[in-house]
Structures are given as structure tokens and as C-alpha cells.
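Worksheet: one structure, shown below.
Because the structure is predicted, anything quoted here is derived from the model rather than measured.
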Amino acid sequence: DQVRLWLGKLRESEKRWDHAAQVYGTITPDAQFYGSAIAAVERCWTRALLQKREAGHPVGESAQEAVKYFEFLVLGPDRRWPERWSDVQRSAAIAAARLSLNYSDDGFVLAEQMLQAALHFSPDAPVEWRQAAQMLLVVALAGQPTRYDAAHDLLEESGGGSPDRLLELINGLSSLAEKAPSNVRRRLATLQLTALEKLGNGQAQLNKQMRRRVEEIRADALQHAGQIDESLEIRLKLARDYPDVGRLQMDLAQQLLDRPDEPSLSQALDQWRRVAKRLRPGTDDWYRAKYSVALAYFKRNQTGDRKLAQDRLRYLKATSNVDESNWKSKVDELLQQCEMP
């Protein structure tokens with residue numbers, strides 16, 4: 001076991017995450033450091049799956065392998081819930097649920113079952129563990145269309161937890177909202193705002209990057225909840241505080257562009273121009289910015305604006321490879337609208 005631990009650390013230092021997870025996973029329960037080894041397995045699987053996802057590779061099969069490892073630690077060869085849960089089994093239940101929620105499109109039911117059982121059979125578990133399990137359970141419930149009310153009730157009843165636990169919940173709900181249809185996003189926004197309220201002063205304990213992330217999520221949640229002015233106020237402050245973060249500048253530009261009033265559209269026009277100047281020509285974001293400048297002219301609909309939008313779109317088609325990009329259909333459609341009498 002000591003040799004396995006050394007080999008696992010070596011593979012982890014080499015960033016060979018899959019191999020490191022498999023080596024750590026062979027450490028036996030008799031080892032004094034078994035609990036730390038289980039934590040290392042989750043850490044390495046998480047990094048391996050994140051690396052694959054960022055590289056554009058499918059993660060489903062690897063995620064399933066990781067989840068099955070932690071399921072086995074809980075259920076054993078007979079696949080039965082333990083009558084008395086050990087610390088390792090509780091940690092394994094958390095790991096299986098977290099990996100299911102983060103790296104599987106249909107892992108909500110499995111995560112709910114694992115967490116419900118762990119909470120039910122562990123009434124005397126440490127408070128910190130129960131809080132972590134409850135926050136993950138909120139996400140597992142929220143990801144199921146028929147379980148939203150249960151998610152809302154659990155969040156309202158819970159004491160919240162540490163800033164780290166609440167941040168994990170908020171990030172989990174944000175990931176759900178990104179993929180959800182508009183009617184579901186509005187309900188998820190309510191959960192997000194409740195969680196953000198529970199975070200409260202705990203936000204001050206987070207580092208600068210995490211505090212910025214929280215404010216981004218708050219702006220998204222307020223927008224989805226229909227509180228547009230409050231959302232825009234946060235985006236304006238983020239854009240001022242982080243002028244070099246391109247995504248924040250584009251988020252502000254897009255929200256201004258989505259508004260129907262002329263002052264907002266004029267602001268959107270200026271903001272998208274500034275964004276375009278800082279982007280490398282020919283990139284997807286650059287095409288988006290160029291298209292959005294034309295769209296701002298078109299929507300503003302002042303005298304001559306439609307002609308300006310038309311000119312910019314024609315110039316973009318003549319001087320770039322936009323017709324070979326994902327933006328061709330949008331550009332052609334807007335150009336056709338500009339040319340209509």
C-alpha cells in the first residue's frame with residue numbers, strides 16, 4: 001500500500017490523472033491512509049474528466065467508470081445499502097453524486113438516490129458532511145423536472161453551510177441553467193438567488209476570482225428571473241472592475257443589445273465596437289462582435305441605421321471568411337432583412 005501511494009503521487013505529479021486514480025484505487029482498506037487515498041481517487045478522476053472535456057473529448061464512459069468505483073465502495077459486491085455507514089462510505093457517496101452531476105447528462109436520479117440513502121442512514125454524521133450532501137442533493141433534485149419543488153423546500157429548510165459548499169451549489173445550479181430551456185431557467189434562477197442570499201457575508205471569505213464568479217452568476221440569475229435592471233447594474237460594475245476580462249465585456253454588450261430601448265442599443269453599439277477591437281480577426285467571438293454591431297444598428301432603426309447595418313455586413317462578407325464560419329446563416333438572414341423595403 002505504501003508503494004501504491006508513492007506510485008499514485010508520482011503519476012499525479014506527472015498529471016497522468018487516469019493512471020493516478022487507478023493506482024490510488026488499488027490501496028486496500030487496511031492502510032492507515034485509506035481515507036486520504038479515496039479522496040485522491042476522486043481528485044484525480046475529477047482532473048482527468050475535466051481535462052478530457054476541455055480537450056473536446058467525450059467523458060461519459062470515463063465518468064461511468066469513476067462513479068462505479070465509488071458506488072462499489074458504498075454498496076459492496078451485494079449492491080445493498082450498508083446498515084451502518086463508515087466515513088469512507090459517506091465520502092464515496094458524495095464523490096459518486098458529485099461526479100454524476102458534473103460529468104453525466106442523466107446522473108440526477110442516481111445522485112439523488114445515493115445522497116438520500118446516505119443522509120437517511122447517517123443521522124449522526126458530521127454537520128459539515130451533511131451540509132455538503134444536502135447542497136448536492138438540491139442540485140440533483142433541481143435537475144429533474146418533477147422534483148423542483150422538493151429542491152426548493154430542501155434549500156429553504158437547510159442551514160446553508162460553508163461558503164465553499166454554497167458555492168458548489170450555486171455553480172451546480174448555474175451549470176443546469178446554461179443547458180435548460182427558458183421556462184426552467186427562470187425556476188432555477190429562484191433557487192440560485194435563494195442560495196446567494198444564504199451565502200451573504202460568506203462571500204467575503206472567497207478569493208477575488210470566486211467573488212467575481214459569484215457576481216457573474218448573480219447577474220445571470222437576476223436576468224433569468226426578470227429583474228433586468230438589477231442584472232444590468234451588476235454587469236456594468238463587473239465590466240468597469242475587470243476591463244481586461246473579455247467574457248464580462250461581451251456579457252454586458254449582449255444584455256444591452258437584448259434591450260429594446262434606443263439608449264441601451266446605442267450603448268450596445270459602442271460596447272460591441274470596443275469588444276471587436278480587442279479580438280483576433282477570424283475568431284468566433286470576432287464574428288459575433290461584428291454581427292452584433294450590425295444588429296445594433298438594425299434594431300436601433302434610426303434614419304440611415306439600416307443602411308449602415310447593411311454596409312457592415314456586406315463589408316464583413318467581402319473581407320473575411322465569415323461564409324465559411326458558423327455565423328454565415330445569421331449574417332445572411334440579417335442582411336436579407338436589411339435589404340427588405
Side-chain angles (χ1 to χ4, degrees), residues 1-122 124-126 128-133 135-137 139-140 164-165 168 172:
D1 282 333
Q2 182 63 63
V3 171
R4 290 167 180 147
L5 179 66
W6 288 335
L7 181 57
K9 288 183 176 180
L10 175 61
R11 294 295 178 252
E12 191 172 1
S13 71
E14 296 169 341
K15 298 184 179 180
R16 297 171 62 182
W17 309 120
D18 285 7
H19 196 176
Q22 290 163 2
V23 173
Y24 282 131
T26 62
I27 293 174
T28 66
D30 294 333
Q32 184 178 1
F33 42 81
Y34 185 60
S36 299
I38 298 304
V41 174
E42 181 186 4
R43 181 175 66 245
C44 291
W45 268 123
T46 299
R47 289 173 178 171
L49 292 167
L50 182 61
Q51 186 180 59
K52 287 183 179 181
R53 175 179 286 175
E54 290 179 343
H57 301 312
V59 298
E61 188 174 336
S62 296
Q64 189 176 31
E65 180 183 351
V67 170
K68 283 184 176 179
Y69 169 81
F70 290 107
E71 271 190 300
F72 183 83
L73 292 182
V74 174
L75 300 174
D78 298 330
R79 296 194 61 79
R80 298 173 57 184
W81 298 119
E83 294 182 5
R84 299 189 63 178
W85 288 56
S86 66
D87 289 341
V88 166
Q89 286 169 322
R90 284 193 286 265
S91 296
I94 290 278
R98 185 180 284 123
L99 289 166
S100 295
L101 293 173
N102 290 336
Y103 297 99
S104 174
D105 293 332
D106 56 355
F108 302 109
V109 173
L110 185 150
E112 180 194 353
Q113 292 172 344
M114 185 68 66
L115 294 168
Q116 292 277 30
L119 286 163
H120 176 74
F121 290 109
S122 303
D124 300 325
E128 184 179 352
W129 177 87
R130 291 188 67 83
Q131 289 175 341
M135 295 301 96
L136 285 172
L137 182 55
V139 179
D164 287 343
R165 297 306 178 202
E168 183 173 34

Using side chain to side chain donor-acceptor pair (under 3.5 Å) as the criterion, list what pairs up with [X], not counting sequence neighbours.
X	result
R130	none
S104	D106
S13	none
D164	none

Is there side-chain contact between Y103 and Q64, with at least one heavy-atom pair below 4.5 Å?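 The answer is no, as the side chains (C-beta and beyond) never meet within the 4.5 Å cut-off.
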
Find out whether V74 and P82 are in side-chain contact, i.e. whether some heavy atom of one side chain is under 4.5 Å from a heavy atom of the other.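 Of all side-chain heavy-atom pairs linking P82 with V74, at least one is under 4.5 Å.
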
Minimum-distance pair of heavy atoms, taken over all atoms of [X] and [Y]:
X	Y	answer
F70	A96	CB-CB, 3.9 Å
L49	V59	O-CG1, 3.6 Å
W17	A48	CB-CB, 3.5 Å
V41	G25	CG2-N, 3.6 Å
L137	L115	N-CD1, 3.5 Å

Measuring from atom [atom1] of [X] to atom [atom2] of [Y], what distance do you get when rounded to the nearest 0.5 angstrom?
X	Y	atom1	atom2	result
L99	I94	CG	CD1	11.0 Å
K68	L73	NZ	CG	14.5 Å
K9	L7	NZ	CG	12.0 Å
Q113	S100	CD	OG	10.5 Å
H19	R11	NE2	CZ	5.0 Å

Test: side-chain hydrogen bond (donor to acceptor under 3.5 Å, both in side chains). Region: residues 41-61. Which pairs qualify, not counting sequence neighbours?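 Sorted pair list: E12-R43, E12-R47, D18-K52, E42-R98, K52-S62.
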
Holding to salt bridge (charged side-chain N to carboxylate O under 4.0 Å, His left out), I want the full list of residues that pass it with E83, two or more places apart in sequence or in another chain.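 Partners of E83 under the salt bridge (charged side-chain N to carboxylate O under 4.0 Å, His left out) test: none.
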
With sequence neighbours excluded, residues passing side-chain contact (heavy atoms from CB on, under 4.5 Å) with [X]:
X	result
F72	P77
R79	E71, L75
T26	R4

Tell me which pairs pass salt bridge (Lys or Arg N to Asp or Glu O under 4.0 Å) where either residue lies in residues 85-97, with sequence neighbours left out.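 Listed once each, the pairs are D87-R90.
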
Inter- and intrachain pairs under salt bridge (Lys or Arg N to Asp or Glu O under 4.0 Å), touching residues 22-39, at least two apart: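 Pairs touching residues 22-39 that pass the test: none.
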
Has [X] got a side-chain atom pairing as donor or acceptor with [Y]'s backbone, closer than 3.5 angstrom?
X	Y	result
S122	A125	no
D1	I27	no
Y69	A92	no

Could you pull out every donor-acceptor pair under 3.5 Å between side chains of residues 31-38 and any protein atom, sequence neighbours left out?
none

